[in-house]
Amino acid sequence: MENQEKEEKMKKDQRIYIDIDKLQSIDICDEPMRWEKISIYKVPPQVANLNPMAYKPQMVSIGPYHNGELHLMPMEEHKYRALYHVLRRSEKDIDDFLLSLREVAQELMLSYEELDQEWRDEEKFLELMVLDGCFILEILRSNGKAVFDYCHNDPVFSVHGIHGAGLYILPDLLKVENQMPLLALERIVAVEKCTEHKPFEYIMTLSRASYNYNIDQTVEMGKCQHLLDMTRKLKIGFSQEREAVIFQGLKPKPIKGATQLNEAGITYRMSESQTFSAIKFHNGILYLPVLHISSVTESILLNFVAFERLHPDSSQEISSYVRFMDGLMRSIEDAELLESRGIIVSSSGSSTEVKEFIHELHRNMDFVPRDTLYTVQHTIEVYYRERTRGWTRRFRHWGVNFKERYFKSPWSLIALLAAVLLLAFTIDQTIYTNLSFYKSR
């Protein structure tokens with residue numbers, strides 16, 4: 001019996017791949033709480049490899065995932081300058097901020113999907129939160145022109161700096177892997193006592209100004225995990241909640257192209273609100289928010305989509321919007337039509353690039369498991385089918401072509417009116433000549 005126990009012990013000691021101590025340390029009861037706390041993720045390689053520049057910070061690291069990377073080190077000096085200005089302005093000490101964050105240290109650390117061993121040191125982790133958190137707030141304040149104690153020619157925190165380096169820093173603050181818990185920012189604002197408003201409302205106001213999301217401030221935001229989640233919700237708007245249709249492994253049928261729908265009598269107008277929840281279809285009119293396409297739009301939208309896919313409790317509005325728009329823009333003609341209606345505004349001015357931009361976004365996201373625009377699409381499909389039957393289809397096709405050909409520009413309309421008048425004069429002259437002939441007889 002004793003020999004048998006020795007043999008079993010030797011077998012355990014000789015195991016190469018399975019760590020018994022690690023196996024026994026797993027606590028299943030602890031797992032639900034652990035997964036619930038996570039809100040800051042690493043983008044899977046199969047997604048990140050499709051567009052590496054979209055997910056990796058280009059100028060500044062926030063949080064532990066990219067801290068210390070060589071190309072981001074120049075910005076570390078400016079982080080310390082931001083911290084210095086915050087301490088001087090608030091008349092507080094670093095320990096005041098650390099004390100506040102220490103109360104929620106475990107919650108902050110559990111927000112990250114994974115932490116390297118060096119960042120499991122609580123004090124080191126909290127110091128990083130204070131340093132990076134003050135930098136984020138100062139960038140947002142500078143962009144909103146709410147800070148005046150920097151030099152006019154400051155390379156980062158002045159008006160000049162924000163229109164230079166800030167153009168790259170602001171998108172970096174919205175990368176999935178470059179986040180820090182909003183709770184940490186709220187604690188820093190509370191210690192500063194820099195506003196009469198609640199910390200959450202103050203940060204939201206700064207975000208709206210920095211990213212030009214001009215929505216009604218009374219919109220209920222709910223809990224936000226971090227700056228990326230907050231700006232995503234600002235862009236979505238929650239003036240109207242949509243019921244998500246869940247596709248259990250089945251991809252929904254794509255919507256028809258904008259030109260094809262237009263030939264069936266569907267027209268396009270800009271929504272009054274510019275939030276992505278403002279998409280509506282009523283009486284043959286599809287209302288869409290304006291999409292401004294610039295050099296940073298792709299990166300921001302891709303990170304919105306990545307967060308929606310990685311965070312189980314996230315809604316799917318941005319992903320649904322991208323899928324919807326990719327269906328509408330199947331051709332260059334579709335893109336040109338939406339541009340002519342003011343729905344798409346591109347800095348490049350090329351309809352081909354607009355179409356490829358939307359297609360590339362959709363290619364990076366596979367499909368939408370919980371679609372919030374399915375009901376709108378279904379209503380459009382029913383409307384389209386009713387108006388593309390037999391003679392109705394031919395008449396509407398002729399009517400749309402006539403409208404597009406002769407009412408597209410003032411000159412074509414003038415030419416049409418001139419032709420009608422000429423025809424009318426010709427007919428009148430013919431009738432007058434015939435009447436004169438018969439009277440003379």
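These numbers come from a predicted model, not from an experiment.
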Arg323 with Asp326: basic N within carboxylate O range, under 4.0 Å: no
Inter-residue atom distance His66.NE2 - Tyr55.OH, 0.5 Å rounding: 12.5 Å
For the side chain of Gln179 and the backbone of Leu173, is there at least one donor-acceptor N/O pair under 3.5 Å apart? yes
Lys42 to Tyr65, cation-pi by 6.0 Å centre distance and 45° axis angle: yes
Answer whether the closest heavy-atom distance between the side chains of Met325 and Leu361 falls below 4.5 Å. no
Flag the pair Ser207 / Leu140 as yes when at least one side-chain heavy-atom distance between them is below 4.5 Å, and no otherwise. yes
Strictly distance-based, threshold 3.5 Å: is any side-chain N or O of Asn303 a donor or acceptor partner for the main-chain N or O of Ala54? yes
Under the criterion side chain to side chain contact (heavy atoms under 4.5 Å, CB included), I'd like the reasoning laid out for Ile300 against Phe304: C-alpha separation, chi angles, the key distance, then a yes or no. CA-CA 6 Å; Ile300 292 175; Phe304 284 160; 3.5 Å; yes
With no hydrogens and no angle check, just 3.5 Å: does a side-chain donor-acceptor pair link Ser320 and Thr372? yes
Atom pair CD (Glu186) and OH (Tyr202), whose distance is rounded to the nearest 0.5 Å: 13.0 Å
Does NE2 in His378 sit with more than 12 non-hydrogen atoms of other residues, nucleotides or ligands closer than 6.0 Å? no
Taking the ring of His85 and the ring of Phe157, is the distance between their centroids below 6.0 Å? no
Going through the checks in order, is the side chain to side chain contact (heavy atoms under 4.5 Å, CB included) test met by Glu336 and Thr259? CA-CA 9 Å; Glu336 288 176 345; Thr259 305; over 6 Å; no
Between Asp334 and Ser331, does any side-chain donor sit less than 3.5 Å from a side-chain acceptor? yes
Could you walk me through whether Glu127 and Lys124 pass the salt bridge (Lys or Arg N to Asp or Glu O under 4.0 Å) test, one step at a time? CA-CA 5 Å; Glu127 288 174 9; Lys124 184 174 182 179; over 6 Å; no
Residue pair Leu337 / Asn262, side-chain heavy-atom distance below 4.5 Å: yes
Is it the case that the side chain of Tyr211 and the backbone of Leu170 share a donor-acceptor pair, with hydrogens and angles ignored and the cut-off at 3.5 Å? yes
Over all atoms of both residues, closest heavy-atom pair of Val354 and Ala335: CG1-CB, 4.3 Å
Inter-residue atom distance Ile343.CD1 - Arg269.CZ, 0.5 Å rounding: 10.5 Å
Show the numbers, then the answer: is there a side chain to side chain contact (heavy atoms under 4.5 Å, CB included) between Ser299 and Met53? CA-CA 8 Å; Ser299 170; Met53 297 291 284; over 6 Å; no
Tell me whether Phe281 at atom CZ has more than 12 heavy atoms from other residues, nucleotides or ligands lying less than 6.0 Å away. yes
Could you tell me whether Glu103 and Arg187 have a side-chain N and a carboxylate O separated by less than 4.0 Å? yes
If only atom types and distance count, is the side chain of Ser100 paired as donor or acceptor with the main-chain N or O of Asp96 below 3.5 Å? no
Give a yes or no on this: more than 12 heavy atoms of other residues, nucleotides or ligands lie within 6.0 Å of atom CZ of Arg120. yes
Assess, by modelled atom type and distance only, whether the side chains of Ser294 and Thr297 contain a donor and an acceptor separated by less than 3.5 Å. yes
Minimal non-hydrogen separation, Ala82 against Cys134, with atom names: CB-O, 4.2 Å
Is the count of non-hydrogen atoms from other residues, nucleotides or ligands lying under 6.0 Å from His197 atom NE2 greater than 12? no
Determine whether a donor-acceptor pair (N or O, by modelled atom type, separation under 3.5 Å) exists between the side chain of Glu91 and the backbone of Leu87. no
Measure the NE2-CE distance between His71 and Met59 for me, rounded to the nearest 0.5 Å. 10.0 Å
Closest heavy-atom contact between Phe97 and Ser90? CZ-OG, 4.1 Å
With sequence neighbours left out, the residues meeting salt bridge (Lys or Arg N to Asp or Glu O under 4.0 Å) with Glu360 are Arg363
Do Asp116 and Pro64 have side-chain heavy atoms sitting under 4.5 Å apart? no
Donor-acceptor under 3.5 Å (Ser271 side chain, Ala278 main chain): yes
Is any side-chain heavy atom of Glu353 less than 4.5 Å from a side-chain heavy atom of Ile293? no
Please check if the side chain of Tyr268 supplies one atom and the backbone of Ala258 the other of a donor-acceptor pair under 3.5 Å. yes
Do any N or O atoms from the side chain of Ser277 and from the backbone of Ile236 form a donor-acceptor pair under 3.5 angstrom? yes
With distance as the sole criterion, is a donor-acceptor pair present between the side chains of Ser319 and Glu308 under 3.5 Å? yes
Looking at side-chain heavy atoms only, is the closest gap between Pro289 and Tyr321 below 4.5 Å? yes
Can we say Arg141 and Glu138 salt-bridge, meaning some charged N sits less than 4.0 Å from an Asp/Glu carboxylate O? yes
Okay, side chain of Arg330, backbone of Ile255: is any donor-acceptor separation there less than 3.5 Å? yes
Hey, could you give me each pair passing salt bridge (charged side-chain N to carboxylate O under 4.0 Å, His left out) that has a residue in residues 281-307? Not counting sequence neighbours. none
Does the cation-pi check pass for Arg387 over Tyr383, that is, NZ or CZ under 6.0 Å from the six-membered ring centre and within 45° of its axis? yes
So does Glu381 pair up with Lys256, basic N to acidic O under 4.0 Å? yes
So, does Glu177 use its side chain to make a donor-acceptor pair with the main chain of Val43 at under 3.5 Å? yes
Within-4.5 Å side-chain heavy-atom neighbours: Arg102 and Leu99: yes
Spacing of Leu101 atom CG and Met129 atom CE [to the nearest 0.5 Å]: 8.5 Å
How about Pro155 and His78: do any of their side-chain heavy atoms sit closer than 4.5 Å? yes
Could you check Thr231, Val296, Asp229, Leu301 and say which one makes a side chain to side chain contact (heavy atoms under 4.5 Å, CB included) with Leu174? Thr231
Determine, step by step, whether Leu137 and Glu192 satisfy the side chain to side chain contact (heavy atoms under 4.5 Å, CB included) criterion, reporting the C-alpha distance in whole Å, the side-chain angles of both residues, the deciding distance to 0.1 Å, and the verdict. CA-CA 11 Å; Leu137 290 169; Glu192 283 183 288; 3.9 Å; yes
Can you give me the closest heavy-atom contact between Phe200 and Met230, atom names plus distance? CE1-CE, 3.5 Å
How many angstroms lie between NZ in Lys79 and CG in Leu128, if you round to the nearest 0.5 Å? 6.5 Å
